[in-house]
Amino acid sequence: MQPESAMTPGLEVTVLVSVGRHPLTGRARRADQDARGVELARSLANAQVRLLHAGMRDESSEAALRGYLGMGFTELSLLEQPEGADVLPALAEALDAMSPHLVIAGERAERGEGSGLLPYLLAERLGWPLVSGLAAVESVEEGMATLLQALPRGQRRRLKVRLPVIVTVDDAAPAPRQSAYGPARRGAFETAAGPVSDDEQWAAWQVQPARQRPKRLKIVKAASARDRFKAAAAKAEGGSGQVLTDVTPTQGAEAILTLLREEDVLR
Amino acid sequence: MSDLPRRDPRQEWIARNRLHPRHAEVLLATGQGAASEWWGPGGLVRRNPHAVGFVGPNGVKRIDRSGTQQGAGGGGATTPAAERKPLVEIEAPAFMVAVVPDMAGGRLSGHDRDLLGLARQLADADPAARGAVVAVVFGPHKEANFGEAGIDRLLHLDSPEVAGYAPEARLGALIMAEESWVPRHWLLPDSKLDGGELGRRLAARLGERPATGVWQAEADAEVATGWHCTARGAAGSLDIRRPLPRLALALAECAEPVSETRHAAAELALPQPLPSTLSRIQDLGQVSVDPSGVALSEAEFILSAGNGVKDWPGFHHAAEVLGATEGASRVAVDDGFMARDRQVGATGTWVTARVYVAVGISGAIQHLQGIQTCDKVVAINMDPGCDMIKRADLAVIGDSTQILEALVTLVAQAREEKRDAA
């Protein structure tokens with residue numbers, strides 16, 4: 001998607017990236033929504049995009065992070081944190097120091113608690129506005145960004161917000177480009193140490209692989225045994241639709257139009 | 001007329017007396033045509049076996065013992081089911097449980113009702129000191145039965161500041177509610193936009209660490225809050241068991257909705273008017289989306305074409321005028337009239353539309369599987385015996401070309417009139 005108007009020169013964008021988890025194999029990968037966020041940042045004209053990650057550095061996470069470097073970056077800022085640490089103070093400090101115009105993040109992490117709270121906490125701490133569920137950035141002009149927010153059922157809402165702003169990316173944002181192997185190999189990590197705070201609560205909780213949720217039973221609350229029996233023996237669907245035969249096309253169309261109006265789908 | 005039953009002793013006496021010349025007449029008049037038993041004057045139940053049953057279509061006498069005829073002559077005032085539920089009023093609640101339902105489409109959704117069920121469990125855990133469930137509702141709504149969903153107090157905020165997408169103003173209102181009543185629990189639906197976003201904002205503002213994706217809560221005396229919860233984490237791949245915090249974002253089906261009691265749903269008001277905050281996010285309103293660009297799987301309104309469509313330009317024109325997303329059956333795709341990504345059904349896309357209009361589609365089983373979750377199905381077809389007609393909520397038998405033309409004309413007319421009026 002090409003932005004229509006000229007951007008402010010040197011729009012500074014920071015994308016918060018995380019290590020994802022493949023839903024089937026459980027292997028580390030670039031997180032889907034974060035990759036969409038990187039793609040969104042890449043589509044902005046005249047923007048200087050930086051990647052920022054806070055977390056542990058080991059073999060598998062490095063391989064996953066190189067997936068972002070392969071989207072056309074030479075370096076990635078890495079705030080080293082021990083496993084199970086709360087990355088909020090380190091990220092807040094780093095963002096405060098960088099003071100970008102636009103911070104892009106995914107909605108929630110694919111590992112750990114994955115509560116989706118981090119962007120909100122960052123926005124609260126930095127005092128910046130936050131817009132969630134973004135589908136596109138339409139334009140950035142004179143310190144104001146025009147954004148498209150994704151609503152359910154493919155609908156969109158246009159919002160205008162003053163920079164600096166933190167945005168989170170919806171699944172409706174454009175799909176990320178493929179990660180190129182060469183640039184991913186050549187890219188460098190710019191490591192920095194940040195403040196470390198332990199997450200004691202997380203350590204105290206019981207964590208186990210998700211088990212299937214029990215299916216809700218259809219409980220029939222009936223006063224008499226006869227009603228209960230009827231509910232148990234009833235067929236799933238009666239199929240009692242209205243059938244109009246031998247009507248003129250106009251009458252048929254009127255009936256359809258009434259239904260469409262009742263359901264409020266005509267605009 | 002009052003609903004009080006009026007007795008006529010003379011009529012009752014005639015109805016009891018089988019030898020009375022007006023006996024049959026009075027039985028008919030009182031609606032007890034099949035009065036097969038009655039209380040005799042001596043206090044005994046008298047039965048007339050000849051009056052039992054009815055004559056079936058083949059001329060054979062049938063006796064229906066399923067009980068359908070029991071209530072026929074009842075005549076007593078019937079109370080609606082809603083009023084038979086006991087009304088629970090909590091005058092002096094020990095604490096408050098605040099719920100912010102999503103109110104998608106202006107009504108309580110299933111998700112909201114489940115959440116209110118959970119709130120009820122939290123509020124009623126200790127029968128000696130019961131809490132009250134407060135619902136905070138933003139903007140205009142169409143819901144009439146807040147009480148039946150288990151709401152004791154209703155805080156309805158309908159000022160222009162909180163209308164539309166105004167997360168900051170809504171957060172301000174919730175903070176005022178927090179300061180006024182200090183609820184013991186805050187419960188919000190963990191939905192995509194409304195509840196999920198507002199709940200996280202509230203958590204960040206209050207400095208509480210919320211539980212997100214909660215799908216189960218159970219009482220546990222060993223925990224400080226008295227409740228344990230199980231929440232989904234890491235994109236739904238982990239179960240986290242933890243004490244229930246003050247603020248929880250819960251998934252759908254986290255608890256059974258309230259069904260046995262009615263509650264007062266008394267109106268509540270904030271002690272002060274909402275502060276006028278300067279919103280940093282400006283809502284420019286919904287963007288008109290090109291319906292053909294909407295993914296078929298999430299389109300709201302689909303006009304789908306099958307083998308019966310002969311006039312393809314007319315069909316495309318109708319979809320454009322109605323503002324519907326186009327779909328197709330497999331035959332239409334195979335014949336090259338529609339693109340492959342427009343195919344609806346088990347072998348194409350499973351759609352979730354609210355309204356699905358099937359034009360000239362007879363309804364192969366694969367196609368019907370694909371439209372299982374659609375709310376309303378309209379069929380336009382020549383063949384009155386096809387499977388799509390059986391599935392449809394409204395079926396019009398006739399030539400699809402003419403019906404679509406008429407529909408387009410009607411919609412265009414209605415738009416014209418609206419424009420003239422405006």
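The structure presented is a predicted model; accordingly, all values stated were derived computationally and were not measured. In what follows, chains carry the letters A, B, and so on, assigned in the order in which the sequence lines appear, proteins first and then strands, with residues in each chain numbered from 1.
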* For the pair Leu238(B) and Gln208(A), evaluate side chain to side chain contact (heavy atoms under 4.5 Å, CB included) and give the outcome as yes or no after the intermediate values. => CA-CA 6 Å; Leu238(B) 290 181; Gln208(A) 59 188 25; over 6 Å; no

* Go through the atoms of Ala255(A) and report whether side chain, backbone, both or neither lie under 4.5 Å from a heavy atom of chain B. => both

* Asked: So Asp283(B) and Arg158(A), salt bridge (Lys or Arg N to Asp or Glu O under 4.0 Å) or not? Walk me through it.
  -> CA-CA 6 Å; Asp283(B) 185 0; Arg158(A) 190 170 286 138; over 6 Å; no

* Winner by heavy-atom pair count (cut-off under 4.5 Å) against chain A, out of Ser237(B), Gly398(B), Gly323(B) -> Ser237(B)

* Pair Asp190(B) + Arg108(A): basic N to acidic O under 4.0 Å -> yes

* To do: Flag the pair Lys376(B) and Glu262(A) as a salt bridge only when some basic side-chain nitrogen lies within less than 4.0 angstrom of an acidic carboxylate oxygen.
  => no

* To do: Would you mind reporting whether Ile256(A) and Val396(B) have side-chain heavy atoms less than 4.5 Å apart?
  => yes

* More than 12 foreign heavy atoms under 6.0 Å from CZ of Arg27(A): is that the case here? -> no

* With a 4.5 angstrom heavy-atom cut-off, could you sort out which part of Ser297(B) is near chain A: side chain, backbone, both or neither? => neither

* Asked: Under a 4.5 Å cut-off applied to non-hydrogen side-chain atoms, are Gln286(B) and Gln155(A) in contact?
  -> yes

* Can you tell me how far CG of Leu249(B) sits from CG of Leu117(A), rounded to the nearest 0.5 angstrom? -> 7.5 Å

* **Residues Glu107(A), Lys192(B): salt bridge by 4.0 Å N-O rule** => yes

* To do: Any chance you could measure Ile240(B), atom CD1, to Gln201(A), atom CD, to the nearest 0.5 Å?
  => 11.5 Å

* Are side-chain heavy atoms of Glu254(A) and Leu410(B) found at a separation under 4.5 Å? -> yes

* To do: Measure the spacing between CZ of Phe301(B) and CG of Leu266(A) and express it to the nearest 0.5 Å.
  => 6.0 Å

* Atom group of Arg261(A) that falls short of 4.5 Å from chain B, counting heavy atoms -> side chain

* To do: Decide yes or no for Gln282(B) and Val161(A): does some side-chain heavy atom of the first lie under 4.5 Å from some side-chain heavy atom of the second?
  => no

* Asked: Nearest 0.5 Å, what's the OH-CG distance between Tyr120(A) and Leu198(B)?
  -> 9.5 Å

* To do: Using non-hydrogen atoms and a 4.5 Å limit, figure out which bit of Ala204(A) sits close to chain B: side chain, backbone, both or neither.
  => neither

* To do: Given side chain to side chain contact (heavy atoms under 4.5 Å, CB included), test Leu251(B) with Arg213(A) step by step and report yes or no.
  => CA-CA 11 Å; Leu251(B) 297 176; Arg213(A) 289 180 62 179; 3.7 Å; yes

* Asked: With respect to chain A, which residue among Leu404(B), Val408(B), Val355(B), Val294(B) yields the maximal number of heavy-atom pairs within a distance under 4.5 Å?
  -> Val355(B)

* Structure fact -> Turns out that what part of Ala252(B) lies under 4.5 Å from chain A's heavy atoms comes down to backbone

* Distance, nearest 0.5 Å, that separates CD of Glu300(B) from CD of Glu263(A) -> 9.5 Å

* Under 3.5 Å, is there a donor-acceptor pair between the side chain of Arg242(B) and the main chain of Val207(A)? -> no

* To do: Could you tell me whether Arg216(A) and Asp114(B) make a salt bridge, using a distance below 4.0 angstrom between a side-chain N and a carboxylate O?
  => yes

* **Under-4.0 Å salt bridge between Arg209(B) and Glu113(A)** => yes

* Report yes if the side chains of Gln149(A) and Tyr165(B) come closer than 4.5 Å at any heavy-atom pair, otherwise no. => yes

